[in-house]
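Before any comments, here is the structure.
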Amino acid sequence: MLIFNSRDKNYKSIISALATDEQCKLRITVPRDCKCSSATLVVTKEGDGECAAYYGMFWAGMCGDDYEYWELHFSATTPGLYFYHFELDTPWGKSFIMNVGNGKGDFSADSNEFQQTVYDKNFKTPDFIKGGIIYQIFPDRFFNSKTKKDNVPANRVMRNWDDEPYWRQEDMKDGIWNNDYFGGDLKGIERKLSYISDLGVSCIYLNPIFEAHSNHRYDTADYEKIDSLLGSEDDLKHLCTVARERYGISIILDGVFSHTGCDSKYFNMYNRYNTVGAYNSKESPYYSWYKFIDYPDNYQAWWGIRLLPEIAEEDQGYRDYICGENGILRKWMRCGISGWRLDVADELPDIFLDDLRKAVKAENENAIIIGEVWEDATNKFAYGSRRRYLLGEQLDSVMNYPFANAILDFVRYGNGDRFFNSIMSIIENYPPQVLNSLMNHIGTHDTMRAITRLAGPDCQGKDRDWQHKNNTLSSYDYLKGVSMMKMASLIQFTLPGVPSIYYGDEVGMQGMKDPFNRAAMQWKNQNKILLKWYQRLGQIRRGTQAFIDGEFIPVYCENSAIAYERANHTGSVLVAVNNNNEEVKILVGDSWNNSYCYFDYKCENGIITLPPHRYTMLSK
């Protein structure tokens, strides 16, 4: 018998972060032969030093002949990160119940403590994102409307749509990287809204669209302008209006606020702009924005890349420029966007994130703020302090890399225990309103294409020449990859949070890391089988209320076979997956016998029989 399990409601009544003042019942099961005379919950709030709080537990009765229950109700009045364990008084001294892994508590004096996140009870996240689907677009590579563009810089290299992105140094014009463009634009996105809508998409996330001098546009040159190759401010307004009114689709933009380009009106290293940039003079209005070490050529740059001088986000002038009443955030929100994805949010200081949230919510309380954080965002430690992204004063959501890794690793390697541990760790630590808003991708512009990661060789540590040689899967591996993509996307679309499709994944686009994962959208020779699969998943998801806020309940796990349920007051959905090489019988219970079956395999006598590498989904 388990002594404690923080992921089981028999031991912990709320399996998630707690709101301030919310009561949570904790129970431990103690062997009678311990002769326990008292039990104590010991809690330490991070930031309070070594000062622990001790809460006496009460004896709550017998559990069979050999065990007894000790219980209490716990709550906290202030947001923060709390850590706890249990202590027992016995005739032999104190015994400690610690976290020995997977949420389980056992007798140990040197294991980890349990984490309890506590968020502000007034914390709300936007409802429009929940239960929907996100579609991520790299603007230069999605669709070219062939509309004439004005004031496009002359040094840009325009490519044919089916060309391979430049990846060799000798291909770069004048030695400039990321200077090849395929001409995707905002009008092109608007013309493909019907295609996007057919996937069930409710929100489009655009990689940066502001003026910049690279195809990725993470080197912002002017926050106040749309890049001329993408279109105009009016084009953005029209896209937002048509997407919202005709298709019910919201638009969110990428905010890059930790650095700018050196070739920008703010830094102006190359004197492209008719401004006095920080590089030009210490009298520049932008001088205090940057972190000069030895003026002007020695300055802090993002990850040491000199093209990307770092911003001092604490600077009042910069914060006013971005977050002020008529600042950059609110300017573009007034064009109709519904929120922001924040590039490298873990590199933005708290004072900036606090101001950013105030500005965004003052303009539109229903706008969303999604941060790029690759780890568990509740216990992220960066720049000398524990971050407080999800306690109610900063982010609404994050890009959910832990789920992405859990899905892809399970589909490729088949470890069900590891999959459930990864999923439950996030569920346990995150506020529920954040959990239901998470951006659940399995691939982005920063990672290998999902099908390549699933069915191709590992490119970790490999150079671009090796990646190019291995960029295209063999016919066998591609067919295997399509099958694996179906399994991965089924899981992705049914976990808590909001599935996010990286443009082209739905038609089987392949690619190693940047720039191979950023090829132009494949409008010809699409994998129609995979596309129909994604369209079907979109229909199921958008028509099922349990995916909005349904509780996640593990049902079965053995080797590479898993089953889980999503349930709320409207009904329940069961997902069962067999990633083994042989048939598996999955015990799920007789209540699923007469349930509706979306795919081929039903429940009979409480058992779902799945052939190798197959899956099903039931609802009741």
Side-chain angles (χ1 to χ4, degrees), residues 7 102 400 402-427 440-443 450-451 453-455 479-497 499 501 505-506 529-530 532-534 536-541 544 546-547 550-567 572-589 591-593 595-620:
R7 301 171 184 177
N102 293 3
N400 197 358
F403 273 20
N405 293 331
I407 295 167
L408 295 168
D409 286 349
F410 172 74
V411 174
R412 178 152 185 164
Y413 304 113
N415 188 318
D417 283 328
R418 187 165 60 189
F419 169 80
F420 272 129
N421 184 48
S422 297
I423 301 303
M424 291 304 300
S425 178
I426 295 300
I427 290 173
N440 288 347
H441 60 85
I442 56 173
I451 195 170
R453 179 169 168 181
L454 288 170
L479 289 174
K480 180 181 177 183
V482 170
S483 178
M484 297 170 85
M485 281 290 286
K486 288 183 176 182
M487 183 181 292
S489 55
L490 173 64
I491 298 171
Q492 177 196 15
F493 271 60
T494 55
L495 289 178
I501 305 169
D505 277 358
E506 75 277 11
I529 294 175
L530 194 55
K532 288 180 180 178
W533 170 262
Y534 269 89
R536 176 65 174 140
L537 285 182
Q539 292 170 348
I540 294 171
R541 178 174 174 83
T544 307
F547 293 133
E551 181 182 2
F552 178 87
I553 306 168
V555 173
Y556 181 92
C557 179
E558 187 170 339
N559 297 325
S560 298
I562 59 172
Y564 55 86
E565 182 181 351
R566 296 291 309 282
S572 300
V573 175
L574 180 81
V575 177
V577 179
N578 175 22
N579 202 21
N580 290 283
N581 292 324
E582 56 276 332
E583 181 182 274
V584 168
K585 295 184 181 299
I586 298 177
L587 178 64
V588 297
S591 65
W592 292 100
N593 284 345
S595 56
Y596 178 79
C597 184
Y598 289 101
F599 303 119
D600 296 330
Y601 305 100
K602 299 180 180 180
C603 179
E604 297 180 355
N605 300 318
I607 294 173
I608 299 173
T609 303
L610 288 177
H613 305 292
R614 290 294 181 265
Y615 34 78
T616 193
M617 182 160 58
L618 312 175
S619 71
K620 62 179 181 180

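For the numbers below, each heavy atom of this structure counts, side chains included, while hydrogens, waters and symmetry mates do not. Each residue takes its place number in the sequence, starting with 1.
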Any side-chain heavy-atom pair of Pro402 and Ile426 under 4.5 Å | yes

Determine whether Gln539 and Thr544 make a side-chain contact, defined as any pair of heavy atoms from C-beta on separated by less than 4.5 Å. no

Paired with Asn102, the side-chain contact (heavy atoms from CB on, under 4.5 Å) test is passed by just one of Met424, Arg7, Arg418, namely Arg7

### Other residues, nucleotides, ligands: >12 heavy atoms within 6.0 Å of Glu583 CD
yes

Nearest heavy-atom approach of Gly589 to Cys603 is O-SG, 3.8 Å

Output for pair (Cys557 SG, Asp417 CG), nearest 0.5 Å, gives 4.0 Å

Here the gap from Gln492 atom CD to Leu408 atom CG, rounded to the nearest 0.5 Å, amounts to 8.5 Å

Do Ile529 and Lys486 come close enough that some side-chain heavy atom pair is under 4.5 Å?
yes

Taking the side chain as every heavy atom from C-beta outward, state whether Pro496 and Ile427 have any pair of such atoms under 4.5 Å apart.
yes

The residue among Tyr601, Trp533, Tyr598 that forms ring pair (Phe, Tyr, Trp, His ring centres under 6.0 Å) with Tyr615 is Trp533

Would you mind reporting whether Leu618 and Ile608 have side-chain heavy atoms less than 4.5 Å apart? yes

Just do the side-chain contact (heavy atoms from CB on, under 4.5 Å) check on Asn440 and Phe493 with the steps written out, would you? CA-CA 8 Å; Asn440 288 347; Phe493 271 60; over 6 Å; no

To the nearest 0.5 Å, atom CD1 of Ile407 lies from atom CZ of Arg412 at 16.0 Å

In short, Leu610 meets Ile586 closest at the heavy-atom pair CD1-CD1, 3.8 Å

Separation between NZ (Lys602) and OH (Tyr596), nearest 0.5 Å, reads 10.0 Å

Quick one: are Met487 and Met484 in side-chain contact, heavy atoms under 4.5 Å?
no

With side chains defined as the heavy atoms from C-beta onward, is the minimum distance between Met485 and Leu454 less than 4.5 Å? yes

Polar side-chain atom of Arg566 near backbone of Val573 as donor-acceptor pair, under 3.5 Å: no

Separation between CZ (Phe420) and CZ (Phe410), nearest 0.5 Å, reads 8.0 Å

Fill in: Trace of the side-chain contact (heavy atoms from CB on, under 4.5 Å) decision for Leu574 with Met617
CA-CA 6 Å; Leu574 180 81; Met617 182 160 58; over 6 Å; no

Could you please spell out the steps behind the side-chain contact (heavy atoms from CB on, under 4.5 Å) verdict for Ile491 and Tyr564? CA-CA 10 Å; Ile491 298 171; Tyr564 55 86; 3.7 Å; yes

Exercise for review: Please examine the side chains of Ile451 and Asp505, heavy atoms only from C-beta on, and report whether any two atoms are closer than 4.5 Å.
Suggested key: no

d(Asp600 CG, Thr616 OG1) to nearest 0.5 Å is 7.0 Å

| query | Are more than 12 heavy atoms from other residues, nucleotides or ligands located less than 6.0 Å from atom CG of Leu479? | reply | yes

Open item on the list: Check this for me: Arg614, atom CZ, are more than 12 non-hydrogen atoms of other residues, nucleotides or ligands nearer than 6.0 Å?
Closed with: no

Just do the side-chain contact (heavy atoms from CB on, under 4.5 Å) check on Ile423 and Phe552 with the steps written out, would you? CA-CA 9 Å; Ile423 301 303; Phe552 178 87; 3.9 Å; yes

Would you say the side-chain atoms of Asn578 pair up with the backbone N or O of Ala561, donor to acceptor, closer than 3.5 Å? no

### Message
Around atom NZ of Lys620, are there more than 12 heavy atoms from other residues, nucleotides or ligands closer than 6.0 Å?
### Response
yes

Between Tyr534 and Ser489 the two heavy atoms that sit nearest each other are OH-CB, 3.6 Å

Residues Ser572 and Trp592: closest non-hydrogen pair is CB-CH2, 3.7 Å

Closest heavy-atom pair, Gly414 versus Asn579, reported as atoms and distance to 0.1 Å, is CA-ND2, 3.7 Å

Nearest heavy-atom approach of Ile553 to Ala567 is CD1-CB, 4.3 Å

Report task. State whether a side-chain donor-acceptor pair under 3.5 Å links Ser560 with Tyr413. Result -> no

Check: Do we see a donor-acceptor contact under 3.5 Å between the side chains of His613 and Asn581?
Finding: yes

